[in-house]
Q: 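Below is the structure I would like to discuss, written out as structure tokens.
For clarity, every value in this text was computed on a predicted model and none was experimentally measured.
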Amino acid sequence: MRISSSLPVPVNTKDESFFKELGSRIAQARKQQGITQVQLSATLGIAQQTLAHYEGGRLRLPASLLPRLAQALQVAVQDLLGHQPGSGRAKRGPASRLEQQVEQIAQLPRAKQRFVIEILDTVLAQAQR
């Protein structure tokens, strides 16, 4: 009989650099949002100390936590993992606010996207004068 555990799993040497980089991106995104470890851990329903271990790369972050974490930090899961779409190379740190907004605009209905584009065109045209 196999018993599964929901206890955090320590990071082994082979995966250490990945989890340290992931933890660093999580901490950076959290700080950019002005959120404390206590606040984020409460939102995620985990202990603050566990979050601190995730950010330090000392514990494996469960994949099931990534979507909630990304949502709480207002970043894409791919950004937390360090991937850029289509590039195949890792990206350092979370998406900029502008990149996040572009992603959000891309999710809007076409009519609202056109409206945003018109506003941007107007602002950029005025800036060039």
Q: Can you tell me if Thr43 uses its side chain to pair, donor with acceptor, with the backbone of Gln39 under 3.5 Å?
A: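 Checking the backbone N and O of Gln39 against the side chain of Thr43, a donor-acceptor pair under 3.5 Å is found.
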
Q: Within the distance-only criterion (no hydrogens, no angle test), does the side chain of Arg60 pair as donor or acceptor with the backbone N or O of Phe19 below 3.5 angstrom?
A: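 No, Arg60 side chain to Phe19 backbone: no donor-acceptor pair under 3.5 Å.
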
Q: Is it the case that more than 12 heavy atoms not belonging to Gln71 sit under 6.0 Å from its CD atom?
A: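 At most 12 heavy atoms, drawn from other residues, nucleotides or ligands, come within 6.0 Å of this atom.
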
Q: List the residues meeting salt bridge (charged side-chain N to carboxylate O under 4.0 Å, His left out) with Lys112, not counting sequence neighbours, and say none if there are none.
A: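 Once residues adjacent in sequence are excluded, Lys112 has no partner under the salt bridge (charged side-chain N to carboxylate O under 4.0 Å, His left out) criterion.
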
Q: Give a yes or no on whether the backbone of Ile105 and the side-chain of Gln113 come within a donor-acceptor separation of less than 3.5 Å.
A: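 Indeed, once roles are kept as given, a pair shorter than 3.5 Å links the two residues.
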
Q: From Leu40 CG over to Ile35 CD1, what is the distance, rounded to the nearest 0.5 angstrom?
A: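 It comes to 6.0 Å.
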
Q: Indicate the atoms forming the closest heavy-atom contact of Ala29 with Val75, along with that distance.
A: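 Where Ala29 meets Val75 most closely, the heavy atoms are CB-CG1, 4.3 Å.
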
Q: Which residue pairs pass the salt bridge (Lys or Arg N to Asp or Glu O under 4.0 Å) test with at least one member in residues 37-56, sequence neighbours excluded?
A: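 For residues 37-56, and leaving out neighbouring residues, the salt bridge (Lys or Arg N to Asp or Glu O under 4.0 Å) pairs sorted by first residue read Arg30-Glu55.
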
Q: To the nearest 0.5 angstrom, please state how far the CZ atom of Arg25 sits from the NZ atom of Lys20.
A: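 Here the rounded value is 14.0 Å.
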
Q: Below 4.5 Å, heavy atoms only, C-beta onward: do Leu65 and Tyr54 meet side chain to side chain?
A: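 Side chain of Leu65 against side chain of Tyr54, heavy atoms only: contact under 4.5 Å found.
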
Q: Do the side chains of Leu44 and Thr50 get nearer than 4.5 Å, heavy atoms only?
A: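 Side-chain contact under 4.5 Å: no.
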
Q: Got more than 12 heavy atoms from elsewhere within 6.0 Å of CD, Gln48?
A: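 Buried by this count: over 12 neighbours within 6.0 Å.
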
Q: Step by step, work out the side-chain contact (heavy atoms from CB on, under 4.5 Å) result for Leu61 and Ile26.
A: CA-CA 11 Å; Leu61 181 81; Ile26 292 168; 4.1 Å; yes

Q: Roughly how far, to the nearest 0.5 Å, is CD of Gln32 from CG of Leu73?
A: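 Separation between the atoms: 10.0 Å.
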
Q: For residues Ala76 and Ala70, report the shortest heavy-atom separation together with the two atoms involved.
A: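 It is C-CB, 4.0 Å.
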
Q: State, to 0.1 Å, how close Leu80 and Leu22 come at their nearest heavy-atom pair, and which atoms those are.
A: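 Minimum heavy-atom separation between Leu80 and Leu22: O-CD1, 3.1 Å.
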
Q: Check Pro67 against Val77 and note the closest heavy-atom contact, atom names and distance.
A: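 Residues Pro67 and Val77, closest heavy atoms: CA-CG2, 4.0 Å.
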
Q: Which other residues belong to the hydrophobic cluster containing Ile119, where Ile, Leu, Val, Met, Phe, Trp and Tyr are joined when side-chain heavy atoms lie under 4.5 Å apart, directly or via other members?
A: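 So far as hydrophobic clustering goes, Ile119 is joined with Phe115, Val123.
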
